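Just the heavy atoms: all of them, side chains too, but no hydrogens, waters or symmetry mates, feed the values below. Here is the naming used below: chain letters follow the sequence lines, and residue numbers restart at 1 for every chain. Worth saying up front: this structure is predicted, and the values here are computed from it rather than measured.
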Number of protein chains: 2
Amino acid sequence: MKETITIKEIARRLHISPSTVSRALQNNPRISPATREAVHQMAGQLKYFPSTTARNLRRGKTGVFAMVLPEIRENFFSEVVNGVEELAFGHQYTVALYQSHDLFERERQILSVLAANQVDGVMLSVAKESQQFDHIQNLLDRRIPVVLFDRIPPRIETHQVGCDMEKGAYEATKWLASRGFRRIALLNGPHPLVASEDRYRGYVRALLEENLPVENALIKRVDLTPDDTARQMAQLLSTPHRPDAVLAFNDYVALDAMQVCRKQGLQINADISFVSFANLPLTAYMDHSPLASVEQHPYQIGRTAVEILLSVTESGPDESAPAFQRVMLEPELVVRVE
Amino acid sequence: MKETITIKEIARRLHISPSTVSRALQNNPRISPATREAVHQMAGQLKYFPSTTARNLRRGKTGVFAMVLPEIRENFFSEVVNGVEELAFGHQYTVALYQSHDLFERERQILSVLAANQVDGVMLSVAKESQQFDHIQNLLDRRIPVVLFDRIPPRIETHQVGCDMEKGAYEATKWLASRGFRRIALLNGPHPLVASEDRYRGYVRALLEENLPVENALIKRVDLTPDDTARQMAQLLSTPHRPDAVLAFNDYVALDAMQVCRKQGLQINADISFVSFANLPLTAYMDHSPLASVEQHPYQIGRTAVEILLSVTESGPDESAPAFQRVMLEPELVVRVE
DNA sequence: CACGGCAGAGCAAACGTTTGCACAAGGAGT
DNA sequence: ACTCCTTGTGCAAACGTTTGCTCTGCCGTG
């Protein structure tokens, strides 16, 4: 009973042509104020909504930005999405969400769907499994703009936005040193992640500057599962001189590690202290949270990613200047008041 | 240089008609195996991907389910999204994400965009501000299926999926009573939310069953902001006989309330205990978490919402039987080991 | 009076698919 | 030899917009 009402319908009722209606709705100056007004009124009266699909087909755009990330439930990522949605919605773009669950195969599948759907842009944080990146190149070959964020694989020529974790690790380590800690351990992330290397470099740079020794026994890598974190932390504690402070890959790792310490009877922030990355809001509620955390500004990362996509989509398609944008946000060391 | 390659292109190269190509790609039995094979091969070779936009226009579908919720960063909601994405992706649907930030006006805006975009289905958890629901009815009038989840407003004739919070509150309260607590307070949510009423009824029912008095002084409503929670909790503590246990609207409220108690020198789980809703994973890391929490199975809620949408979209459009589905999941009281 | 220009509006093609119907050729049944 | 299916394919319209071009008056200028 409810016929979808189109531009043609409006035209029919007003005894004018569809093209005139279209132009009137776009406030094209070539249409007389009188007709324009009439069209707008009729459109309102009939509750006309333009068909986005038809428009997309005509314009060769979909109005969709895709967001591909490992796990939406991780606070960091949902905060990124928060920023993305905010800005994208303001510019009439739809945000399509996809989770890789940190699985390479799933990531590949997702990107191939995106290629088919011809989205206008993709924001991607790669799965920790991913070691090979043809699937990304594939999108680029199809002229779909890609912004890599946070987890940025090497050697892909495209836009990126991240937070300078080398600096974050450096500052965190320096801060620990300035508070008198001498045996600072690093509970780092898995190897494939560039973010792990960044943290490592910052950590080492700070230690050297502070004339503290860099000891292999104090540096562990975890695969980001709670089990492995527990294992590695236990190892740290079993060394002859156990660390008096730990720089953890992120808050989740820190929390898991702290559990281990507690179980071994250590008092957090007294016997051993933690600093980590991410600044989870919930740690504020804890009795013994990490002393400090490196804020990565995920909301801002999300906004920036969208800004980049908007700038390449809205402006001319090519400009013959590829000019990939690479934004590196400044981290911020947030010290908790104890 | 990279021409988008279409069905016509394949047709041209094979000297057949576009319609034949289209049918061949759909494995239509009317096409001979030979041509079908040739088409598939050519498609693969040219890396052909069908234009989803064109197809959608033709079919009058978009292949998009929209997800509208207050805040993605709230663990409960991101867990729902997790379930939604999982199932939707498996059925080749795109999940479009929108946040209302608990603002009615924003919610209205979003739903009107969705009406225009002609999404194939909407999953909605209303903003806590929303008191009036014409915007939802609007979608329904446009024949867009709507599934309301978690925050379900009254008097809207459409699909719903929620978790029985009356029962959850009842069991939580009974459990507290069984542990010997006698002055059990309720830190409830805001009035407009049906969920608040459900909790209230369950709470009262349990108290009556246990022959405990229902005291207005022990029942407070918060607007879900930390400030207000702090205010209401302080009031609870200032009553002559302060409560020995608190049933909180959700974990966030519980955590904020616990902060207040701590500041007043009360020992959590000794002087005063908490039970709440949501079962945030992070509370597991806390030294003093709520004693128990009512798990609402958000992941399952998400899956169920998508199942409903799939059932109404995939099957015939109308069947002349409106038959709205209403699913009520069983909550689960999760008791923490201390 | 002729001509150029301009304002306002319409025609029709295009975007890439899908699909009802028509069509051709061949084989089988009468 | 005639019709009548069957099988495989093509024609063309449709989905709802957008947009380059054309067309018709009309006004002002020379």
| query | According to the interplanar angle, ranging from 0 to 90°, do the rings of B:Phe65 and B:Tyr93 count as parallel (below 30°), tilted (30 to 60°) or perpendicular (above 60°)? | reply |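 Aromatic pair B:Phe65/B:Tyr93 classed parallel.
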Pairing of [X] and [Y] as salt bridge, 4.0 angstrom limit:
X        : Y        : result
B:Arg106 : A:Glu85  : yes
A:Asp102 : A:Arg151 : yes
B:Arg326 : B:Glu157 : yes
B:Glu74  : A:Arg73  : no

Could you tell me how far apart [X] ([atom1]) and [N] ([atom2]) are, to the nearest whole angstrom?
X       : N      : atom1 : atom2 : result
A:Ile10 : D:dG16 : CD1   : P     : 13 Å
A:Ile7  : C:dG10 : CD1   : P     : 13 Å
A:Asn28 : C:dA7  : CG    : P     : 12 Å
A:Asn27 : C:dG8  : CG    : C1'   : 16 Å
A:Tyr48 : D:dG16 : OH    : C1'   : 7 Å
B:Phe49 : C:dT17 : CZ    : P     : 12 Å

| query | Are OP1 or OP2 of D:dG16 and a side-chain N or O of B:Gln118 less than 4.0 angstrom apart? | reply | no
| note | Whether each nucleotide of nucleotides 9-15 of chain D has a protein heavy atom under 4.0 Å at its base (B), only at its sugar-phosphate (S) or at neither (-) is summarised, 5' to 3', as BBBBBBB
| message | Does B:Gln92 have more than 12 heavy atoms from other residues, nucleotides or ligands lying within 6.0 Å of its CD? | response | no
| task | Heavy atoms only: give me the nearest B:Ala127-B:Leu103 pair and the separation to one decimal. | result | CB-N, 3.7 Å
| What distance do B:Thr158 atom OG1 and B:Leu124 atom CG have between them, rounded to the nearest 0.5 Å? | 9.5 Å
| Mind checking what makes side-chain hydrogen bond (donor to acceptor under 3.5 Å, both in side chains) contact with A:Arg12, not counting sequence neighbours? |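 For A:Arg12, the residues satisfying side-chain hydrogen bond (donor to acceptor under 3.5 Å, both in side chains) (neighbours in sequence not counted) are A:Glu9.
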| message | Within residues 88-96 of chain A, which residues have any heavy atom lying less than 4.0 Å from an atom of DNA chain D? | response |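 Heavy-atom contacts with DNA chain D come from no residue of residues 88-96 of chain A; none.
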| task | Select base, sugar-phosphate, or nothing to describe what A:Ser51 touches, counting heavy atoms under 4.0 Å on all strands. | result |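 If one applies the 4.0 Å heavy-atom cut-off, A:Ser51 turns out to touch the sugar-phosphate alone, with no base involved.
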